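A quick write-up on the structure given underneath.
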Number of protein chains: 2
Amino acid sequence: MKAIPTIKDVARMAGVSISTVSRVMNKSPKISPGTSNKVMDIIRQLNYEPNNIARSLSRKKTNTIGVILEDIGNPFFAEIAKGVEETLKKNKYSMFLTNTNFEEELELKLTNLLLSNKVDGIIISPINDRSKSLEILKKRGVPFFLVNCRTLAEKFNWVTTDNVRGGYLATKYLIDLGYKRIMHIKGADDQPSKDKFRGFKKAVIEGKLRMSEQVVIDSKAKTSKDGINIMENYIRQKGIEGLPGAIFAVNDDVALGVLQVFSKKGVRVPEEVSLVGYDDIDIASYLFLTTVRQEKYKMGEIAASELISEMESGESYITKQLLMEPKLIVRNSCKLLT
Amino acid sequence: MKAIPTIKDVARMAGVSISTVSRVMNKSPKISPGTSNKVMDIIRQLNYEPNNIARSLSRKKTNTIGVILEDIGNPFFAEIAKGVEETLKKNKYSMFLTNTNFEEELELKLTNLLLSNKVDGIIISPINDRSKSLEILKKRGVPFFLVNCRTLAEKFNWVTTDNVRGGYLATKYLIDLGYKRIMHIKGADDQPSKDKFRGFKKAVIEGKLRMSEQVVIDSKAKTSKDGINIMENYIRQKGIEGLPGAIFAVNDDVALGVLQVFSKKGVRVPEEVSLVGYDDIDIASYLFLTTVRQEKYKMGEIAASELISEMESGESYITKQLLMEPKLIVRNSCKLLT
DNA sequence: TTGTACGCGTTATCAA
DNA sequence: TTGATAACGCGTACAA
């Protein structure tokens, strides 16, 4: 039969006790080279691999980190995931990746799923900073690290981009180009979106413009589909003439949707409308989209390594809140107003 | 203390045996409403959640499916992953997602990792159809399903697109447009790439053209970076004048790289060169890239549901090999030769 | 250096 | 309808 061999089988065939086999597997120092070799032979012969489930139960440690992201289909999150995964791998952890699809209820379910699966820690990009999942994590005492979200009320650990600054950079760039009436396509009420809007306002005020003259689209834009809907709607209502000269979209994906609509309607970028995105996902460079770069991969790396170092040192009394610097990437989607 | 409660704690507090608690958790029918309620109260009060690790060990079933893809950063695979995940979720399974980064050695490691973690089944997009991982899976007797790969020698279960047909469609389209000299940027020696090339040849021969007059780039192209390198190299050697009028790239990502180089060098698409990609990832539509569509999400769905149905019925004596029809999506990256 | 025996948190079998 | 109790596969304190 091809029953999967257990530690027992190895022990029996090698004529030793299971503890000895266990010691060999874990490279315990107190083991004679003789028995070690004998056991190793059988292990290879049987192709024995320890059962991680049993091992985890006994060790009370799974060596697995749960990762909760909002949408792995989005390159922004995919990059974060990659950064996390590579870092975990280097530290002998595996990753249990899930995504919430921006659904709060699902986020909660996944959190509990990961908890049930006894992951050693969790990295989460929460739907918003007052998410129920965070409360649960806190209460359970599981080590966790937020990514792409800062919390104001709670002293959680997190790493994110300084999105106020990012929003400011994008907007100031447009203002410096000469635009006085700028559209901002807002995101949902997650912290990054709120921060970008804050940056937007800051630049507007600093530029001696009036917020009331800006076109703030109070959407909950997230995806390119949202971008399409929003822009189609806007044009249907106000017409192409109603379009301001410049647009700052909450993220690249949304900006892509806008571009899509524009090319269908024959609105030329940047000749007729200037457009700035956010994130700097790969596609942005192909489309020559001016945008604000976030170091996504790096962000994943940091979250993972910080979480691990917290877990392994047990230093839970230090709150780590890391703010990364965004960078304006100027390409070809904006023009100087003459 | 905030020690996580176990079934024992619940039992003690409810004044019943652990078997009773277990029965309540699993909604066993033979349980009186009275005790059930009593136990449920305690469960809620303690916020008890069963330990999935222990449960899996006892049940000899983890309700988890391992998924091995080549690159989740690539939207093509990300879409497959989404299809898999949603389907699994509907069937009360979770997904353990990993990616090999196109590295054979890593693929092997991950396969063993998933096996150690006792996943109930595996969905894999192997690096090639003779991959060592597949042998192992077969030997272990774990249910598994290939995605985006068909096997000729082995009777494995798989779902993939008819890539011979896809390659044929792309090439024939270019030939019908009037091109007699076409460049094909080949992929690695995975089955899909080989099939696309086969389709390419078929269309060439059927079109009464000669293979020797076609420009076959014998690359192992996978990513947009590969596309960039290949095209820069080509232009450096043969110059822009050396470019054929039409190109069929092994996938959209590679085509994107080509586009990138073209726009830098001022080569206009489709005015000077016609370009066809493969996959129809989201970006393709934004860039008006003519391409061959694969139903990625659907492919993931199918793999997951077929795998589950095999696992749950135990019908391992029936080999499932599913070929999906590709579709040519004509957009704006090719022009009729006049 | 090796073995015995118990524990990890569940499920499942068998009695009661 | 309930409760003991033996698995599940492994790690480990303790004894030898």
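Because the structure is a prediction, the values reported are computed rather than measured. Here is the naming used below: chain letters follow the sequence lines, and residue numbers restart at 1 for every chain.
Scanning DNA chain C 5' to 3' for nucleotides with an atom closer than 4.0 angstrom to a non-hydrogen atom of chain A gives a first and last hit of dT1(C) to dG9(C). Nucleotides of DNA chain D that come within less than 4.0 Å of any heavy atom of chain B span, from the 5' end to the 3' end, dT1(D) to dG9(D).
Salt-bridge formation is not detected for the pair E85(A)/K82(A): no Lys NZ or Arg NE/NH1/NH2 atom is positioned less than 4.0 Å from an Asp or Glu carboxylate oxygen. A salt bridge does not link D41(B) with K38(B): every distance from a Lys NZ or Arg NE/NH1/NH2 to an Asp or Glu carboxylate oxygen is 4.0 Å or more. A salt bridge links K138(A) and E154(A); the closest N-O separation between the charged side-chain nitrogens and carboxylate oxygens is under 4.0 Å. We find that K222(A) and D71(A) are not joined by a salt bridge, their nearest charged nitrogen and carboxylate oxygen being 4.0 Å or further apart.
Contact annotation for I31(A): backbone-only contact, meaning every heavy-atom pair under 4.0 Å involves sugar-phosphate atoms and none involves a base. S56(B) comes within 4.0 angstrom of no nucleic acid atom, judged by non-hydrogen atoms across all strands. Across all strands shown, K30(B) has heavy atoms under 4.0 Å from base atoms, whether or not it also approaches the sugar-phosphate.
Across residues 37-55 of chain B, Y48(B), E49(B), P50(B), N51(B), A54(B), R55(B) each have a non-hydrogen atom less than 4.0 Å from an atom of DNA chain C (numbered order). Taking a 4.0 Å limit (strictly below) on heavy-atom distances, residues 16-25 of chain B reaches DNA chain C at S19(B), S22(B), R23(B).
Judged by distance alone, with hydrogens and angles left aside, the side-chain atoms of S193(A) form no donor-acceptor pair with the main-chain N or O of D189(A) at under 3.5 Å. At least one donor-acceptor pair closer than 3.5 Å links the side chain of S305(B) to the backbone N or O of E301(B). Between the side chain of S58(B) and the main chain of A54(B), no donor-acceptor pair closer than 3.5 Å is present. Remark: side-chain polar atoms of K89(A) are not paired, donor with acceptor, to backbone N or O of T87(A) under 3.5 angstrom. Side-chain atoms of T64(B) come within 3.5 Å of backbone atoms of T62(B) as a donor-acceptor pair (strictly under, hydrogens ignored).
The aromatic rings of F96(B) and F96(A) sit parallel, their planes meeting at an angle under 30°, below the 60° perpendicular limit.
Direction change of the helix axis from one end of the helix from dT1(C)-dA16(D) to dA16(C)-dT1(D) to the other is 40°, with five pairs defining each end axis (rounded to 10°).
Scored by the side-chain hydrogen bond (donor to acceptor under 3.5 Å, both in side chains) test, N112(B) finds no partners at all (sequence neighbours excluded).
The side-chain contact (heavy atoms from CB on, under 4.5 Å) test with W158(B) singles out one residue from L146(B), V147(B), T319(B), and that residue is L146(B).
Atom NZ of K61(A) sits in a crowded spot, with more than 12 heavy atoms from other residues, nucleotides or ligands closer than 6.0 Å.
Comparing P29(B) and S58(B) along DNA chain D, the residue whose closest nucleotide (by nearest heavy atom) sits nearer the 5' end is P29(B). The residue among K60(B) and P33(B) whose nearest nucleotide of DNA chain D is located toward the 5' end is P33(B).
One distance of note links CG of L114(B) with NZ of K109(B); it measures 13.5 Å at 0.5 Å rounding.
Aromatic pair F145(B)/F156(B): ring centres not closer than 6.0 Å.
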